[in-house]
Peer 1: 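Structure incoming, see below.
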Protein chains: 2
Amino acid sequence: MELKPLKSFIAVATLKSFSAAARELHTVQPAISRHIAALEKELGTLLFIRNTRDVHITAAGRQLFTDATRILQQAEEAVLRTQKAANGELGSLKVGYLPSACLTFIPDLVQRFHSQYPDVEISLFEMTASEQLLAFETNHIDIGISRPLPQELQTTFTSQLLYTDQLTLVLPSQHALAQRQSIRLDDLRQEHIILFQREEAVGLFDSIINLCQRHHFSPHISAQPKHMQTVLTMVAAGLGVAIAPLCVSKLFTQGCRFMPIEDDHTQVLTQMHYRSSRLAPTAQAFVNIASESVPWIQNSVQA
Amino acid sequence: MELKPLKSFIAVATLKSFSAAARELHTVQPAISRHIAALEKELGTLLFIRNTRDVHITAAGRQLFTDATRILQQAEEAVLRTQKAANGELGSLKVGYLPSACLTFIPDLVQRFHSQYPDVEISLFEMTASEQLLAFETNHIDIGISRPLPQELQTTFTSQLLYTDQLTLVLPSQHALAQRQSIRLDDLRQEHIILFQREEAVGLFDSIINLCQRHHFSPHISAQPKHMQTVLTMVAAGLGVAIAPLCVSKLFTQGCRFMPIEDDHTQVLTQMHYRSSRLAPTAQAFVNIASESVPWIQNSVQA
DNA sequence: TCACAGTCATACGGATTGAGTATCAATAAA
DNA sequence: TTTATTGATACTCAATCCGTATGACTGTGA
């Protein structure tokens, strides 16, 4: 069964006339007759009872009419939906992100996207950087937001800057240094330093280590949690001090004190990553929206 | 858009291979390539990303896949449904019937039909005979069950006997004759007779009149209700006596007494009627079931 | 490294399909 | 009765679509 004969059938059923149906479909009456005859042969049933003057639909024809109408409508809709999917206006989108770096802007960014692409089902996943890489492998996310990726991944992934942050010192409230307005790196030589796990941000981790080395000390690293919130919790517990992106101050910070580091100007980057090849149209749409939003994101983070 | 290319598309999407799809569809690979190319041209989008080694579906292709699958399935189902409709196994059926004549067997008959034709939506309408004729005109019923039709309608309608009943006398319980075991027509010369409206059963009405005339009296007809229940109510109210089919004894009969008429052997027929031309398949199915059920109906009425 | 096997795309020829023309039979209206 | 219109049918021709042959490309295995 093909759709063209079904269109003829619907025209005949609607207009109750083979000739009129032919005129409507910009063809000739014998073509319509053949379409109907072919359908009737395929179905083994009369669809119309026609003498040369009147055309009456049969019970079988009535049934086919309802089905054929729906089928043709769905065929039309399928075309539109496929085209929308190609434009990223329809489909699904899965985004993984570092909560510590994204909590301030992700809700608004997603809302922006949703208002412009209401038919895209967007799924959000809080993930560490290494979880994101795993999720890329298994196609569980289309887009990941985290720190810059290690060198060797920068060919398979494309990255785009969302905002830049600075480093801050995080001390326990009761710490001896906690009353100062700012601090210098040299002051930290004797401190136990709590750093996040290296895999979560290789570049940042290494540049912090380098920073210490430039000030002629190797930090006493007492733990490497995966989650920034854990870093803060450990600081609050008095287990050490942390050097972390300032954005962590948006997390639960009870018992922590944040203090600028005078002699550091490290730029901490938050980037959006996606596979360089075969970017889903919905993901492309998200990338566009996010790119447009960069100035606004930078603002919202500093506020 | 036609269905054949969609079938090719689904095969390719399923097997992730043009060649394999061709084998599955008993055709050759270039045909598949052309189908996909045609779809892609019509939709203005790539459906697959293929190098000569791998075939990957695109987001647009994924969307089309879900839609196309549904469309093809519905096309198959449409064929089956249309054929079922042609066999009377699917559709609707509207039956009008005289409640007084049918109450005893209609529920079971409908249940028989429904168990054999579960996908037919059957509608029941209590109707007088004249209401049935009107309903036939406006296609509100396919089948009517009532008394034999007047002669002039017996060409446009086909009728089939369901059961035969006999006449009975209905008297008020307090009537002078109410204590007798049976009665003869001659005994009724002085009685006011309540008869149903002539249009509701022309033949029966006239044969009752003739019956009286053969016994040399014209009945004093005091009213002609359309509904048999009204006849009984009027008898119970003492407004007269009635001659009616025995089946009315299944109605609400308080205040009425039924009495055989010794010298009458009139056969009261209950028939199923339908238009001689263009009988809906569902109606044909019902007619068949009803025909098979005739012996059983006859029994159920006499019980 | 190279030949091979298997992929999809493309070009071409032929068969099939399908549309359009002409015409017929039937029927309602004039 | 005539006329106009309907749907069915026969026929012709054109478009389409299939199948074959072939090419370009790429993993695979020797």
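Chain letters run A, B, ... following the sequence lines, proteins first, then strands; residues in each count from 1.
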Peer 1: Among residues at least two apart in sequence or on other chains, which ones pass salt bridge (Lys or Arg N to Asp or Glu O under 4.0 Å) with A:Glu89?
Peer 2: none
Peer 1: Expressed as a whole number of angstroms, how long is the span from B:Arg50:CZ to C:dA9:C1'?
Peer 2: 9 Å
Peer 1: Hey, are B:Ser276 and B:Thr158 close enough side-chain-wise for a donor-acceptor pair under 3.5 Å?
Peer 2: yes
Peer 1: For B:Leu47 and C:dC8, give me the distance from atom CG to atom C1', rounded to whole Å.
Peer 2: 15 Å
Peer 1: If I take atom CD1 in residue B:Ile49 and atom P in nucleotide D:dT26, what distance separates them, rounded to the nearest angstrom?
Peer 2: 15 Å
Peer 1: State whether a side-chain donor-acceptor pair under 3.5 Å links A:Tyr274 with A:Gln160.
Peer 2: yes
Peer 1: Verify, without hydrogens or angle tests, whether B:Glu200 (side chain) and B:His227 (backbone) share a donor-acceptor contact under 3.5 angstrom.
Peer 2: no
Peer 1: For residues 10-29 of chain A, which residues have at least one heavy atom under 4.0 Å from DNA chain C?
Peer 2: A:Thr27, A:Val28
Peer 1: Regarding A:Asn288 and A:Gln284, do their side chains bring together a donor and an acceptor under 3.5 Å, going by distance alone?
Peer 2: yes
Peer 1: Between atom CG in B:Leu39 and atom P in C:dC8, what is the gap in whole Å?
Peer 2: 16 Å
Peer 1: Going by salt bridge (Lys or Arg N to Asp or Glu O under 4.0 Å), name the residues that satisfy it together with B:Lys84, two or more places apart in sequence or in a different chain.
Peer 2: B:Asp119
Peer 1: Does a side-chain N-to-carboxylate-O contact under 4.0 Å join A:Arg198 and A:Asp206?
Peer 2: yes
Peer 1: Give a yes/no answer on whether the side chain of A:Lys4 brings an N or O atom under 4.0 Å of OP1 or OP2 in C:dA19.
Peer 2: yes
Peer 1: Provide, to the nearest angstrom, the distance between the CD atom belonging to A:Glu2 and the C1' atom belonging to D:dC17.
Peer 2: 12 Å
Peer 1: Using whole Å, what does the distance between atom C1' of nucleotide D:dG7 and atom CD of A:Glu40 come to?
Peer 2: 12 Å
Peer 1: Enumerate all atom pairs, one protein N or O and one N or O from nucleotides 11-14 of chain C, separated by less than 3.5 Å.
Peer 2:
none

Peer 1: Could you list the residues that satisfy salt bridge (Lys or Arg N to Asp or Glu O under 4.0 Å) with A:Arg112, not counting sequence neighbours?
Peer 2: none
Peer 1: For D:dC18, does OP1 or OP2 lie under 4.0 Å from any side-chain N or O of B:His35?
Peer 2: yes
Peer 1: Could you go through nucleotides 25-30 of chain C and list every protein N or O atom that sits under 3.5 Å from one of its N or O atoms, giving the distance for each pair?
Peer 2:
unit_1 : atom_1 : unit_2  : atom_2 : d
C:dA26 : N3     : A:Thr52 : OG1    : 3.3
C:dT27 : O4'    : A:Thr52 : OG1    : 3.4
C:dA28 : O4'    : A:Arg53 : NE     : 3.4

Peer 1: Indicate yes or no for a side-chain donor-acceptor contact from A:Thr282 to the backbone of A:Ser92 under 3.5 Å, with no hydrogens or angles considered.
Peer 2: yes
